[in-house]
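Structure first, then comments.
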Amino acid sequence: MINKIKNRLKKDGLIIKNKLKNYLAAWIANLGVVPLFLLEAFLFAPAFFFFLSLLLLVTHVLETIRQLLSRYRYNYSLCLNFKPYFLPSNSSCVKGIFLITCIFNFSSPLNAELISRDIILARGQSTEIALPALDKFNVGNHQVLSYKLNEKSKNLIIRGIQLGHSEILVWKKDNSRESYQVFVISKLQEAKFLNLAQSVSFLGLESQTQVPHIKIFGTIKSLNSYLDYKKILEQNKEAILDEVELDPSLKNKIFAKIYSAFFDDYKDSIKCATEFSEVSCFYPENESPSDSIKNLLIDKYKIKLVQTNNQQLKKNYKLKLKLIQLEQIDGEDLRLGLEQVSGNLSDFLNTPMDKIVQKNSVLLAQKKVRLSTLAEPQMLIRALTPAEVQLGADIPFKNVNSNNVQSTEWKFAGLKIKMSLENFGENVKINFETELTQPSTDASGNVSIAGNKEKSSIVIPLKIATKIFQISLKADGRSLDSMPFLSSIPLLGELFKSKSDQSNFKSINGIIEVEENDE
């Protein structure tokens, strides 16, 4: 081979300065680029088939090498002392090498699919495997199996002698292979598997032993079969691999019964799903059903109830609150409410108050009521995060202790509103607490803070204005009218003074609207 390369180089008229260097370079190039030599060298070696992917990759680049060689053939200045004419420069040659590589890749015996089968034996039990095309075989674990081959019939007789697992590899005359996975189990375990297989077959289900489990699969169509299978599954949890599906009509029937029970308990955020034969129902923690409902559903339909946290803590909500005051200006008891005013509650949030007053001017004049806005706060709020609104101020009060020492104490007087939001299915739940305080004077002239508190909750839909509270209060006042100078005359001045008591009735209404914040 080296002489042929040497003669070819001399024939081309190249000056060989370093023969050994050129010979080695040509030889290495020959083996590295042309896969035909590799194919000849390793044709009968098993390792050849492990390098087919690499061989396939090399053939892809031969097309590019061929194009480069066509350029180098007539450009001697680019050649390094020799022209590699021995490399394939024909396109058909490259395609032929690629085709040969693909044929060997797909026809290789080592790439043939290995067929595997499972055999389960009880200890002491024997079975026979027919191997008509047997070439040779190998038993993996001789402590688990004993075997004997009938050379004439090519039947392999195996017997389980110890609990465990063994593999039998079989080579056939057509170079294909088979694998037998043999599991040796106890008599008790075998009886249990047989009993389970027979029990589920009565329900129209199929089974397959996969030591140390038994896989059960199929479709259940009736409620009675479903309940019977759940009993079998509950008694043999560790042995059964459940792959049983529920028929769509049966699934809908079970779901309807569960939803109906939740709706009767005024819980409508239940969601159910199935995973094979297991029915799981999820409900939010703030809509938990009663224990009697839970026990009934679990006992009757063998379901799993899962409590979830449905609070969307990463979502912001925009909360609008408007405080509207109705004030009776003639001293009589206030008998007008917002429900009597023309318009809906959303108008109070989105329409200026002067337009509402103008629209209801006749009604307000007849009832002698003044309608005004106390406050209109807006805020961003998250679920389960408290928010607070205050209208008023801290007022100082003087206290005198037993030692006749005076001290000043500050107390809040006004309206204080505390709120928190919860996700409640598709709606939201607003927990709120209101506290209205004002200064009051007792008979001895001491001034203190007095008021009332209200605490409640309400479930409202998004983007719907709702009235959540109404606070009514009465303000008493005393006025003194007198004539200048004459009222200061002793005794006679009392004739020129006029005292009167006044009562003022007010109603504070809170309207709220919540929507998702998309900003």
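Since the model is a prediction, treat every value here as computed from it, not as a measurement.
- In this pair, Y259 and F255 present their aromatic rings tilted. The plane angle is within the 30 to 60° band.
- Atom NZ of K215 has more than 12 heavy atoms from other residues, nucleotides or ligands within 6.0 Å.
- Using a 3.5 Å distance cut-off with no hydrogens or angles, the side chains of S346 and N344 do pair a donor with an acceptor.
- Residue L313 qualifies as enclosed at atom CG: its count of foreign heavy atoms under 6.0 Å is above 12.
- By the neighbour-count criterion of 12 heavy atoms within 6.0 Å, atom NZ of K187 is densely surrounded, having more than that number from other residues, nucleotides or ligands.
- Taking CZ from F276 and CG from L233, the interatomic distance works out to 12.0 Å, rounded to the nearest 0.5 Å.
- Side-chain polar atoms of N286 and K429 form no donor-acceptor pair below 3.5 angstrom.
- A pairwise comparison of heavy atoms in M419 and V389 identifies CE-CG2, 4.4 Å as the closest pair.
- Side-chain contact between V279 and L246 is present, with heavy atoms from C-beta onward closer than 4.5 Å.
- Checking S222 against N224 by side-chain atom types alone, no donor-acceptor pair falls below 3.5 Å.
- Taking the side chain as every heavy atom from C-beta outward, N360 and L371 never approach each other to under 4.5 Å.
- Sorted by first and then second residue, the salt bridge (Lys or Arg N to Asp or Glu O under 4.0 Å) pairs involving residues 346-375 (not counting sequence neighbours) are E327-R370.
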- Message: Assess the residue pair S179 and E167 against the criterion (side-chain hydrogen bond (donor to acceptor under 3.5 Å, both in side chains)); give the C-alpha distance rounded to whole Å, side-chain angles, the decisive distance to 0.1 Å, and a yes or no.
- Response: CA-CA 7 Å; S179 172; E167 182 182 22; 2.9 Å; yes

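- For the 3.5 Å distance criterion, the side chains of Q470 and S507 qualify, holding a donor opposite an acceptor.
- Considering OG1 of T209 and CD1 of I214, their distance stands at 4.5 Å, rounded to 0.5 Å.
- Of all heavy-atom pairs spanning E513 and L349, the tightest one is CB-CD1, 3.4 Å.
- Distance check, rounded to the nearest 0.5 Å: CD1 of I254 to SG of C281 gives 9.5 Å.
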- Message: Using side-chain contact (heavy atoms from CB on, under 4.5 Å), reason through I324 and I508 one step at a time and then give a plain yes or no.
- Response: CA-CA 6 Å; I324 300 174; I508 301 175; over 6 Å; no

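- Side chains of E422 and N431: a donor-acceptor N/O pair is present below 3.5 angstrom, by distance only.
- Within the 3.5 Å criterion, the main-chain N or O of N195 finds a donor-acceptor partner in the side chain of S199.
- Side chain of S166 to main chain of N141: a donor-acceptor pair is present (N/O by atom type, distance under 3.5 Å, no hydrogens or angles).
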- Pair N427-L462, side-chain contact (heavy atoms from CB on, under 4.5 Å): steps then yes or no: CA-CA 6 Å; N427 302 321; L462 295 174; over 6 Å; no

- Task: Check the pair S249 / D247 against side-chain hydrogen bond (donor to acceptor under 3.5 Å, both in side chains), numbers first and verdict last.
- Result: CA-CA 6 Å; S249 60; D247 187 77; 2.5 Å; yes

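- For the salt bridge (Lys or Arg N to Asp or Glu O under 4.0 Å) test with E516, the passing option among K463, R382, K315 is K315; the others fail.
- Minimum heavy-atom separation, F262 to P289: CE2-CG, 3.5 Å.
- Neither side chain, S277 nor E245, offers a donor N or O lying under 3.5 Å from an acceptor on the other.
- With contacts defined as side-chain heavy-atom distances shorter than 4.5 Å, the pair S186/L163 qualifies.
- Taking all atoms of both residues into account, the shortest heavy-atom contact from Y180 to V170 is CE1-CG2, 3.9 Å.
- The two residues S269 and P284 make their nearest non-hydrogen contact at O-CD, 3.6 Å.
- Heavy-atom minimum distance, T351 versus K322: O-NZ, 3.8 Å.
- The shortest distance between side-chain heavy atoms of V139 and H142 falls below 4.5 Å.
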- Message: Applying side-chain contact (heavy atoms from CB on, under 4.5 Å) to D265 and F263, what does each step give before you reach the verdict?
- Response: CA-CA 5 Å; D265 201 30; F263 293 161; over 6 Å; no

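- Remark: the backbone N or O of I511 is not paired with any side-chain donor or acceptor of T466 at under 3.5 angstrom.
- Put simply, NZ on K221 and CG on L250 are 11.0 Å apart, with the number rounded to the nearest 0.5 Å.
- At a threshold of 4.5 Å between non-hydrogen side-chain atoms, the residues S280 and T274 do not count as touching.
- Side chains of T127 and Q125: no donor on one and acceptor on the other come within 3.5 Å.
- The CG atom of N310 lies 11.5 Å from the CD atom of E426; values are rounded to the nearest 0.5 Å.
- The closest side-chain donor-acceptor pair between E388 and Q390 falls under 3.5 angstrom.
- Looking at D242 and Y229, their side chains do bring a donor and an acceptor atom within 3.5 Å of each other.
- Under the salt bridge (Lys or Arg N to Asp or Glu O under 4.0 Å) test applied with E278, the options K304, K302, K251 reduce to a single match, K304.
- When side chains are defined from C-beta on, L145 counts as touching I168, because their heavy atoms get closer than 4.5 Å.
- Here CD1 of I120 is found 10.5 Å from NE2 of H165. Values are rounded to the nearest 0.5 Å.
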- From CA spacing to verdict: side-chain contact (heavy atoms from CB on, under 4.5 Å), F183, D118: CA-CA 8 Å; F183 300 92; D118 292 344; 4.3 Å; yes

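- For E339, the CD atom is densely surrounded, since the number of other residues' heavy atoms within 6.0 Å is greater than 12.
- Between the side chains of Q143 and Q162, no donor-acceptor pair is found at a separation under 3.5 Å.
- Atom NZ of K416 sits in a crowded spot, with more than 12 heavy atoms from other residues, nucleotides or ligands closer than 6.0 Å.
- Side chains of S456 and F432 form a contact here, defined as non-hydrogen atoms less than 4.5 Å apart.
- Side-chain contact between N316 and I381 is absent, with no heavy atoms from C-beta onward closer than 4.5 Å.
- The closest side-chain donor-acceptor pair between Y317 and N423 falls under 3.5 angstrom.
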